[in-house]
Student: 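Structure below; questions to follow.
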Amino acid sequence: LSIIYAVLCSLLLIAGCIVGFIFAMQGGTPPAALFLLGLFLSLILAPTLHELGHIVFAAANGMHLVYAKFFCFKIEEKGAKRKFGFASPFAPDETQTVPKRGGNMKKRAKAYTVGGLVFGGIFALIVIALALCFSLNGLNAYVFWGALPYSAYLFLLNVLPFEYASGKTDALVCKAIEKGYPEAQTMLNAMQIQGELYEGKTFAEIEGSYYFSAPQLAEDEPLFAVMLDLRYHYYIEKGELKKAGDCLNRLIDAQTYLPLPALIKVAAEQVYFYSLCKDKPKADEASAYCSQFLRENTATSRRILATFAQAFGREEQASALVEIGKELAKTERIKGVGRFEE
């Protein structure tokens, strides 16, 4: 059904563009140019407003923006700053946020998810209203008619609960949250943990049920790796090395489904873990995959390098790294992570 619906929406988009352009051409070159201008602007404005809806609703529900991609632009958090840049227009549009507090997560997650549909629907309605209003009053409305096909297409594509090759629609995510699907339950648990970390609790201070009550997911689900990573930090702080090692091994087993930045972070934690276990050959092997990460001036990298130095006889270097790491931990945006690193 999702394939049929996506194809139908695509055909309607193409038909709308062709029919609109033919009507515009009958009025000459200027109307045709205005129609094409409207179409081009909608390719930028429709996805931008859709993601802006997620951003606004996220902010209203106590969430911190980490990443947003729309059309060929992106907003990305680098350290303590957000940077605006360019992205591939063929990559899926998305918004990533982190809760700044725990509690009432189901309602907040639904509101954040539906924000894109609200803004996308409002934009499509405004375009329709302006096109009709200008046309009925004898004014030039070609730019609005040009913007209509894609604006309506993007809204209709997301308004039904389907999963496409590019990912799940907002409606499907909302339905999963409401119905309590396994991936949605895991997502809400992970968000609750992240919210409490943001408030200042460390991994081990957060209720254990949030780590272990969610259903088991398949390895190709992104939340599978997210929850394993959270459990790893929970076990490390508790001092349960065997269980922490099991989490790392399962992450390595699922590496086919992990993006490169996540793999690098897993390798860095392997260096830390094998240093705790005094296994230098394996620590050296893991460090080869994350050397750039370990050179970054972060509390995490200093913690890992300090442990490596301490484990293998470089105590003076370890002490210096610890002092640097403590200062960096105070600057962590997520207070609980800073306290964990310290």
Student: Tell me whether the count of non-hydrogen atoms from other residues, nucleotides or ligands lying under 6.0 Å of NZ in Lys265 goes above 12.
Tutor: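 Check fails, neighbour count at 12 or below.
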Student: Other residues, nucleotides and ligands only: do more than 12 of their heavy atoms fall within 6.0 Å of CD1 on Ile3?
Tutor: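 Counting other residues, nucleotides and ligands, CD1 of Ile3 stays at 12 neighbours or fewer.
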Student: Rounded to the nearest 0.5 Å, what's the gap from OG1 on Thr97 to CZ on Phe57? Could you check?
Tutor: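 Result: 13.5 Å between the selected atoms.
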Student: Check Asp246 with Arg250, please: is the shortest side-chain N to carboxylate O separation under 4.0 Å?
Tutor: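 Judged by the 4.0 Å cut-off on N to carboxylate O distance, Arg250 and Asp246 do not form a salt bridge.
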Student: Return the CG to NE2 distance between Asp93 and His50, rounded to the nearest 0.5 Å.
Tutor: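 Asp93 CG to His50 NE2: 8.0 Å, rounded to 0.5 Å.
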Student: Looking at every heavy atom in both Leu294 and Leu305, which two are closest together, and how far apart are they?
Tutor: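 Closest approach of Leu294 to Leu305, heavy atoms only: O-CD1, 3.3 Å.
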Student: Quick check, are the ring centers of His54 and Tyr112 under 6.0 angstrom apart?
Tutor: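 Yes, the ring of His54 comes within the 6.0 Å limit of the ring of Tyr112, centre to centre.
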Student: Ignoring hydrogens, what is the shortest heavy-atom contact between Gly120 and Phe155? Give both atom names and the distance.
Tutor: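 Between these two residues, the closest heavy atoms are C-CD1, 4.0 Å.
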Student: Do the two ring centres, one from Tyr153 and one from Phe123, sit under 6.0 Å apart?
Tutor: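 No, the ring centres sit 6.0 Å or more apart.
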Student: For Ile206 versus Tyr210, what's the shortest heavy-atom pair and its separation?
Tutor: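 Closest pair (atom of Ile206, atom of Tyr210, distance): CG2-CD1, 4.0 Å.
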Student: Among side-chain atoms of Glu94 and Gln96, is any donor-acceptor pair under 3.5 angstrom?
Tutor: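 Yes.
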Student: Mind checking the OG1-CZ spacing from Thr113 to Arg108? Nearest 0.5 Å is all I need.
Tutor: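 These two atoms lie 12.0 Å from each other.
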Student: Glu341 and Thr300: side-chain donor and acceptor closer than 3.5 Å?
Tutor: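 Their side chains do contain a donor-acceptor pair, which is all the 3.5 Å distance test asks for.
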Student: Should Phe340 and Tyr234 count as side-chain neighbours, where that means a heavy-atom distance under 4.5 Å?
Tutor: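 SC-SC contact between Phe340 and Tyr234 ruled out.
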Student: Under 4.0 Å between a Lys/Arg side-chain N and an Asp/Glu carboxylate O for Glu342 and Arg339?
Tutor: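 The answer is no: the pair does not qualify as a salt bridge.
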Student: Which heavy atom in Ala306 sits nearest to a heavy atom in Ala318, and how many Å separate them?
Tutor: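 Nearest heavy atoms, Ala306 then Ala318: O-CB, 3.5 Å.
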Student: Please report the closest heavy-atom contact between Ser209 and Asn189, naming both atoms and the distance.
Tutor: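 Scanning both residues completely, I find the closest heavy atoms to be O-ND2, 4.0 Å.
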Student: For residues Leu276 and Val266: do they belong to one hydrophobic cluster (side chain heavy atoms under 4.5 Å, members Ile, Leu, Val, Met, Phe, Trp, Tyr)?
Tutor: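 Same cluster: Leu276 reaches Val266 through Ile, Leu, Val, Met, Phe, Trp or Tyr contacts under 4.5 Å.
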Student: Assess, by modelled atom type and distance only, whether the side chains of Ser301 and Glu296 contain a donor and an acceptor separated by less than 3.5 Å.
Tutor: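 Per modelled atom types, Ser301 and Glu296 side chains form no pair under 3.5 Å.
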Student: Tell me if the CZ atom of Phe212 is crowded by more than 12 foreign heavy atoms within 6.0 Å.
Tutor: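 Above 12, so yes.
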Student: Under the ring pair (Phe, Tyr, Trp, His ring centres under 6.0 Å) rule, collect the residues that match up with Phe23, sequence neighbours excluded.
Tutor: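 Ring pair (Phe, Tyr, Trp, His ring centres under 6.0 Å) list for Phe23, sorted by chain: empty.
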Student: Measuring from Ile334:CD1 to Leu197:CG, what's the distance to the nearest 0.5 Å?
Tutor: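 It is 6.5 Å, given to the nearest 0.5 Å.
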Student: With clusters defined by side-chain heavy atoms of hydrophobic residues (ILVMFWY) lying less than 4.5 Å apart, directly or transitively, does Val56 cluster with Ile122?
Tutor: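 Yes: a chain of side-chain contacts under 4.5 Å links Ile122 to Val56.
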Student: Give the other cluster members for Ile14, using side-chain heavy-atom distances under 4.5 Å between Ile, Leu, Val, Met, Phe, Trp and Tyr residues; answer none if it is isolated.
Tutor: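 Ile18, Ile22, all in the cluster of Ile14.
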Student: Within this structure, what is the CZ-SG distance for the pair Phe21 and Cys17, rounded to the nearest 0.5 Å?
Tutor: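 Here the interatomic distance stands at 10.5 Å.
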Student: Considering only heavy atoms from C-beta outward, does the side chain of His64 approach that of Glu77 to under 4.5 Å?
Tutor: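 Yes, close enough: below the 4.5 Å cut-off.
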Student: Does NZ or CZ of Arg303 lie under 6.0 Å from the centre of the six-membered ring of Tyr272, at an angle within 45° of the ring axis?
Tutor: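 Verdict for Tyr272: a cation-pi partner in Arg303.
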Student: Taking atom CZ of Phe84 as the centre, report whether more than 12 heavy atoms of other residues, nucleotides or ligands fall under 6.0 Å from it.
Tutor: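 Enclosed.
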